[in-house]
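Structure record follows, encoded as structure tokens.
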Amino acid sequence: MGIAGQYFGEHDSNRRLNITSAKALWEWVKGGAADRLASHKWQLTPGEDVFFRGQPNIEYGLSSSLYRVCRARRSAPETGTPNRVDERVMARTEREIITAMRGEGIGRLMTDGQLLAVLQHHGIPTRLIDVSESPLEALFFAVDQEHGVAGRLFMLHLHQDAAQRVNTIDFSKPALEWADAARGRLRARGEWTQQVAVVARAPLDPRMQAQRGRFLVGGLNRRYSGRSYLIDRLNVPAEQYPDISTLGVNFLNSAHRETEHALARNGLDRTRRRSLETRAAAASRR
């Protein structure tokens, strides 16, 4: 199992949301996912500060197509770390794609951002990540391909500012907001690296309207204080963070893993944990 599959396998939210079967998931999705979410820590509103993404294989990371292309092509970067991709590589490849498309006459009268939006839905690699305002549409993409393989449904919460607005990028502006974000060999502007934004509503593709589609975009994920990715309580190497997610997001622990970690912190060995689990199971049958 790859690094993304391992990580998300430990951080799924099924238990948090009491989703224990396909039927329970379907009922939750049909209900709009709002009530169950609102009963938890935050008041969340799908389509405003919560977005959904379906992926047909649980092994896939939450990564952009541009990153995956750059990752596959990098074999001996200047850093000496095989296959490592940095913001400079992303920016250079993105600019090459935009220049090539405009050389073919594609994107006339469009800004660079608008062109990227069109390219994304025609299979050209971009740093945009497709999401939906609706869990139902996102669930379709989780099950539409790779039959017989488990898929994954992501819920992504964008934090609001003091004015209760999420970070939004407007593609009608002539230049990309991250056009000059790359700094040096490995770095990017700190505010860009930690940014996750939704693209303002202005769909040029009718499919996006039908899918209630939006785009998320942000700087290439890096390890920061307060953001640690753990697998079996061990830190994931920093260069593998984008393999899990190219967006700089934090993921909740599953309730199951939180229980395991709490037991471990209290010094309960495997035998005593089994005993507790057996008693709990017996109690639930009474």
Side-chain angles (χ1 to χ4, degrees), residues 46-56 60-71 85 87 89-138 140-142 144-145 154 156-158 165-182 188-189 191-193 195-221 242 245-249:
E48 294 184 14
D49 58 357
V50 176
F51 301 90
F52 302 86
R53 176 175 171 83
Q55 296 186 171
Y60 295 165
L62 184 65
S63 57
S64 68
S65 56
L66 181 66
Y67 172 77
R68 295 194 296 270
V69 167
C70 292
R71 181 79 158 82
V85 176
E87 185 66 40
V89 172
M90 294 275 285
R92 184 175 63 220
T93 306
E94 182 177 63
R95 178 48 52 188
E96 290 172 353
I97 290 172
I98 291 173
T99 300
M101 293 298 102
R102 292 203 182 281
E104 296 292 328
I106 301 172
R108 283 179 287 185
L109 303 181
M110 292 183 187
T111 67
D112 284 351
Q114 291 168 341
L115 174 58
L116 288 178
V118 171
L119 296 179
Q120 173 72 6
H121 276 289
H122 286 82
I124 307 299
T126 78
R127 69 170 74 221
L128 307 179
I129 292 183
D130 290 284
V131 294
S132 176
E133 297 174 352
S134 165
L136 188 61
E137 278 74 6
F140 171 81
F141 288 101
D144 183 47
Q145 303 174 28
F154 288 92
L156 298 156
H157 171 221
L158 273 62
R165 297 171 301 191
V166 299
N167 194 356
T168 303
I169 285 180
D170 185 358
F171 273 176
S172 67
K173 296 181 179 179
L176 295 171
E177 292 193 20
W178 60 88
D180 61 347
R189 292 199 317 261
E191 65 273 19
W192 169 241
T193 303
Q195 181 174 350
V196 178
V198 62
V199 176
R201 290 185 182 94
L204 300 176
D205 191 323
R207 285 184 299 175
M208 287 199 69
Q209 298 181 23
Q211 298 163 6
R212 297 179 63 185
R214 302 291 294 274
F215 295 123
L216 296 184
V217 66
L220 190 62
N221 192 9
S245 172
T246 49
L247 296 174
V249 296

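Every value quoted in this text rests on a predicted model; they were computed, and no experiment measured them. Numbers here are sequence positions counted from 1.
- Summarising the local packing, CD of Glu104 is surrounded by 12 or fewer heavy atoms from other residues, nucleotides or ligands at distances under 6.0 Å.
- Side-chain contact check for Arg127 versus Leu220: every heavy-atom pair is 4.5 Å or farther apart.
- Annotation: the span from Gln145 atom CD to Phe140 atom CZ amounts to 8.5 Å, rounded to 0.5 Å.
- Looking at Ile169 and Gln195, their side chains come closer than 4.5 Å, going by heavy atoms from C-beta outward.
- Side-chain atoms of Leu115 and Ile98, non-hydrogen and from C-beta on, do get closer than 4.5 Å to each other.
- The closest donor-acceptor contact from the side chain of Asn221 to the backbone of Ser245 lies under 3.5 Å.
- In this structure the side chain of Trp178 reaches within 4.5 angstrom of the side chain of Glu94, judged on heavy atoms.
- The minimum heavy-atom distance linking Gly218 with Leu247 is given by the pair N-CD2, 3.6 Å.
- Note that the CZ atom of Arg214 and the CZ atom of Phe52 stand 13.0 Å from one another [nearest 0.5 Å].
- Under the 4.5 Å side-chain criterion, counting only non-hydrogen atoms from C-beta, Gln55 is not in contact with Phe141.
- Summarising the geometry, atom CD belonging to Glu133 is positioned 4.5 Å from atom CZ belonging to Arg201; distances are rounded to the nearest 0.5 Å.
- Summarising the geometry, atom CE belonging to Met90 is positioned 4.0 Å from atom OG belonging to Ser64; distances are rounded to the nearest 0.5 Å.
- To the nearest 0.5 angstrom, Asp170 atom CG is 7.5 Å from Glu177 atom CD.
- To the nearest 0.5 Å, the span separating CZ on Phe215 from CG on Asp130 amounts to 5.0 Å.
- No side-chain donor-acceptor contact under 3.5 Å links Thr126 to the backbone of Ile124.
- When all heavy atoms of Ala138 and Ser132 are compared, the pair lying nearest together is N-CB, 4.3 Å.
- Counting heavy atoms from C-beta on, the side chains of Val89 and Thr93 come closer than 4.5 Å.
- In this structure, the side chains of Leu62 and Leu156 come closer than 4.5 Å at one or more pairs of heavy atoms.
- In this structure, the side chains of Val217 and Leu116 stay at 4.5 Å or more apart for every pair of heavy atoms.
- Crowding of Arg165 atom CZ: a count of heavy atoms from other residues, nucleotides or ligands under 6.0 Å not exceeding 12.
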